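Written below as structure tokens is the structure these notes are about.
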Amino acid sequence: MELEATGTSIEHFTLVKDNGSSREETLEMIVPDACPDIVQVVDTWGFCCLNRREVTDSGALLTGRVRVTILYIPEGDGGLQKLEAELPFQHLSECAQADGSFRLLARAWVASAETRVLNPRKVLIRADLREEVQLYRFQTLRVRNALDAADTLGLQTKTQPYLTTLVTQTAEKAFAMEEELDLTASRSASGVLLRVRPEADCREARLIGSKLVLKGVVQLQTLWMGERGLASGSFELPFSQMMDAAGVGEGAQCRVWVQVQSWQTGQISGDGRSMPISLELCAQAVFCESVPVVMMTDAYSTCYPTSLRTECWNVCQSSREEFRQPIREFVECGQDVQTVLDCHTELGLAQISKEGDQVTVTLPVCASVLCLDEREKPFAQAHSFSVSFQPVCTSEQQLRCERCFAQIEALPAAAGVELRGTVSMCIQTEQMTSAEVLTGLELDQEHPQEYAEQPSIVLRRSVSSEGLWEIAKRYSTTCQEICVANDLMEDQPLDGQMLLIPRKR
């Protein structure tokens with residue numbers, strides 16, 4: 001007779017692909033006729049507009065464009081000029097298991113960009129692109145903790161409680177912002193806009209009922225060419241959004257990515273007091289919960305021989321820890337800096353290395369500073385360095401870098417600039433433990449247990465390797481009967497004591 005283990009089901013998502021990649025995009029571009037000849041490139045900044053994310057039968061397909069702004073000194077005395085270009089890209093992150101039921105989280109950014117002048121009317125643009133792709137597959141966890149059988153079969157079952165971390169939901173929301181930038185307090189009100197650099201910062205993510213409430217700001221750094229020369233301006237545009245989190249428990253932890261997808265500026269008002277800007281953003285969230293699960297791990301019959309069917313189940317336990325590293329770096333420029341106009345920092349892909357019991361997470365950082373020298377001539381200086389974190393991790397645990405963020409400012413110093421600030425990283429630690437769980441059993445009812453020639457009671461001393469369950473199973477009795485005969489509690493340690501073991505007759 002075959003019996004199947006019964007119970008409930010828990011729907012969740014399993015991470016089947018977690019991939020970070022680096023790629024280079026290049027473009028040869030002819031300078032438009034309306035632009036003057038290029039004498040010298042001062043600075044190049046690239047921004048990734050991720051237009052489309054989709055799951056195909058081959059994997060995760062990302063489509064977008066790199067939006068590049070080149071600042072250069074033109075022929076003649078026209079002041080700093082800008083040249084804009086777009087580098088389209090399409091990249092497939094392969095996954096043979098992918099299908100329409102998968103959930104995709106993806107983001108992309110430009111780690112660095114540069115422009116090489118081939119001749120005064122032609123340039124070569126190069127952009128280093130970074131991508132992070134996570135693919136989740138929908139799965140059902142069958143919780144087997146009971147056997148549907150008659151009492152006459154003498155079945156005894158053993159269950160074990162576990163606490164496992166599951167991804168219970170993912171969510172995505174695209175939203176738009178339209179704002180008017182107040183230019184009245186800026187020298188740039190009567191100038192020409194050279195560059196806008198937006199960056200989204202999600203500062204709070206809170207579950208309220210079935211909604212995830214996000215609060216943050218889009219930080220805008222602007223660069224202008226005015227009557228008095230170059231000037232910069234900073235703006236903070238707050239946002240608040242709600243995302244659907246139906247079915248997610250109150251104690252769930254969430255990881256959120258918020259990215260600016262694209263932006264567009266409008267005409268400055270006639271009095272030069274304001275400028276409209278529209279932005280498109282996308283928020284992506286993953287929800288993890290610690291779920292208590294009770295599984296059946298063993299069974300036997302006091303009446304019939306049994307053979308068990310089991311399977312291996314991976315129990316996941318995860319935790320998160322936030323690390324902060326203060327930054328103080330000197331960037332040698334070879335000349336004195338009068339003014340720092342802009343400083344932007346891009347982060348690379350974190351690298352994890354192990355040497356014995358020591359784990360090191362290394363994060364590449366590239367900072368680019370736009371400055372004015374003593375003659376108020378603009379120049380840019382790039383500086384690359386690495387930040388290292390050393391989380392505590394055992395050999396059985398796996399690490400995943402969930403969120404990295406840099407907040408760095410540049411200050412003029414002798415013959416250069418000094419970078420000051422912090423780099424933050426959230427690291428998730430996962431430990432997988434294998435558990436053997438029972439899926440069913442088979443009873444040999446044609447050959448029932450024979451007890452006629454066996455003693456009705458056994459006296460024996462317990463050993464340290466045995467528990468009450470193992471003793472009861474060995475002698476085809478029950479834990480309850482042993483406890484009654486010895487005046488024990490079921491969770492009481494045996495400590496090598498003598499036991500009376502009643503047996504069936």
Side-chain angles (χ1 to χ4, degrees), residues 8-18 49-56 59-64 93 95 98-109 131-141 143 164-179 198-218 237-263 278-293 316 318 320 400 402-403 405 426 428:
T8 59
S9 297
I10 300 176
E11 295 179 344
H12 67 106
F13 294 88
T14 300
L15 181 63
V16 296
K17 188 176 184 63
D18 184 9
C49 301
L50 194 55
N51 299 334
R52 190 175 180 183
R53 297 179 293 268
E54 61 179 322
V55 181
T56 69
L61 181 64
L62 306 185
T63 305
S93 185
C95 180
D99 59 44
S101 66
F102 277 45
R103 300 285 183 89
L104 170 62
L105 273 80
R107 64 187 184 122
W109 68 97
E131 297 175 352
E132 278 192 271
V133 170
Q134 293 184 349
L135 278 170
Y136 292 86
R137 178 175 58 201
F138 178 79
Q139 285 191 325
T140 300
L141 172 62
V143 181
T164 185
T165 303
L166 300 176
V167 175
T168 54
Q169 190 60 275
T170 68
E172 179 178 323
K173 183 179 181 180
F175 61 98
M177 297 176 62
E178 293 187 0
E179 299 285 346
E199 184 176 2
D201 180 15
C202 182
R203 296 180 175 177
E204 183 181 352
R206 181 185 302 177
L207 274 170
I208 301 178
S210 62
K211 300 293 183 182
L212 176 66
V213 179
L214 305 178
K215 293 184 179 180
V217 297
V218 175
L237 309 180
F239 65 82
S240 179
Q241 292 290 318
M242 287 196 301
M243 299 177 66
D244 185 30
V248 177
E250 291 184 1
Q253 292 184 332
C254 64
R255 171 172 50 81
V256 180
W257 289 343
V258 179
Q259 270 199 300
V260 178
Q261 300 291 81
S262 64
W263 80 96
S278 59
L279 303 104
E280 295 181 357
L281 297 93
C282 182
Q284 303 170 85
V286 175
F287 301 92
C288 296
E289 298 183 62
S290 294
V291 181
V293 176
C316 177
S318 70
R320 288 177 174 83
R400 180 180 297 117
E402 289 199 338
R403 179 180 180 271
F405 183 75
C426 180
Q428 177 179 340

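Quantities reported herein were computed from a predicted structural model and do not represent experimental measurements.
- No donor-acceptor distance shorter than 3.5 angstrom exists from the side chain of E250 to the backbone of L207, with no hydrogens or angles considered.
- Within the 4.5 Å cutoff, side-chain heavy atoms of V256 are placed close to those of L212.
- Contact check for R400 versus R255: no side-chain heavy atoms found under the 4.5 Å cut-off.
- Remark: F13 pairs with F138 by the ring-ring contact (aromatic ring centres under 6.0 Å, His included) rule, at least two apart or across chains.
- For E178, the side-chain contact (heavy atoms from CB on, under 4.5 Å) partners two or more places apart in sequence, or in a different chain, are S278.
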Evaluate the criterion side-chain contact (heavy atoms from CB on, under 4.5 Å) for residue pair E199 and W109; output intermediate values, then yes/no.
CA-CA 11 Å; E199 184 176 2; W109 68 97; over 6 Å; no

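- The ring-ring contact (aromatic ring centres under 6.0 Å, His included) check on F102 picks up nothing, with sequence neighbours excluded.
- Formation of a donor-acceptor pair under 3.5 Å by the E132 side chain with backbone atoms of L105 is not found in this model.
- Here W263 pairs with F47 under the ring-ring contact (aromatic ring centres under 6.0 Å, His included) rule; sequence neighbours left out.
- Side-chain contact between C288 and R320 is present, with heavy atoms from C-beta onward closer than 4.5 Å.
- Heavy atoms only, all atoms of each residue included: L50 and A108 are closest at CD2-N, 4.2 Å.
- Here the shortest heavy-atom pairing between Q134 and W257 reads CD-CH2, 4.4 Å.
- R403 approaches C202 most closely through the heavy-atom pair NH2-O, 4.0 Å.
- Between the side chain of T165 and the main chain of S318, a donor-acceptor pair closer than 3.5 Å is present.
- Exactly one residue among R103, E289, H12 makes a side-chain hydrogen bond (donor to acceptor under 3.5 Å, both in side chains) with Q169. That residue is R103.
- The line from CZ of F239 to CD of E179 is 11.5 Å long, rounded to the nearest 0.5 Å.
- We find the CG-CG distance between L62 and N51 to be 11.0 Å, quoted to the nearest 0.5 Å.
- Between K17 and S93, the shortest heavy-atom contact is CE-OG, 2.9 Å.
- For E204, the salt bridge (charged side-chain N to carboxylate O under 4.0 Å, His left out) partners two or more places apart in sequence, or in a different chain, are R206.
- Every residue two or more places apart in sequence or in another chain was checked for a ring-ring contact (aromatic ring centres under 6.0 Å, His included) with F287, and none qualifies.
- Between the CG atom of L135 and the OG1 atom of T14 there is a distance of 12.5 Å, given to the nearest 0.5 Å.
- Among Q259, M177, Q261, the one residue that satisfies the side-chain contact (heavy atoms from CB on, under 4.5 Å) test with L281 is M177.
- Side chains of E172 and C282 form a contact here, defined as non-hydrogen atoms less than 4.5 Å apart.
- With a 4.5 Å cut-off on side-chain heavy atoms, L237 and L279 count as touching.
- For the pair F175 and M243, the minimum side-chain heavy-atom distance is 4.5 Å or more.
- Between the CD atom of Q241 and the NZ atom of K173 there is a distance of 4.0 Å, given to the nearest 0.5 Å.
- Pairing each heavy atom of S210 with each of D244, the nearest pair is O-OD1, 3.6 Å.
- Contact detail for A205 and C254: the closest heavy-atom pair is CB-SG, 3.9 Å.
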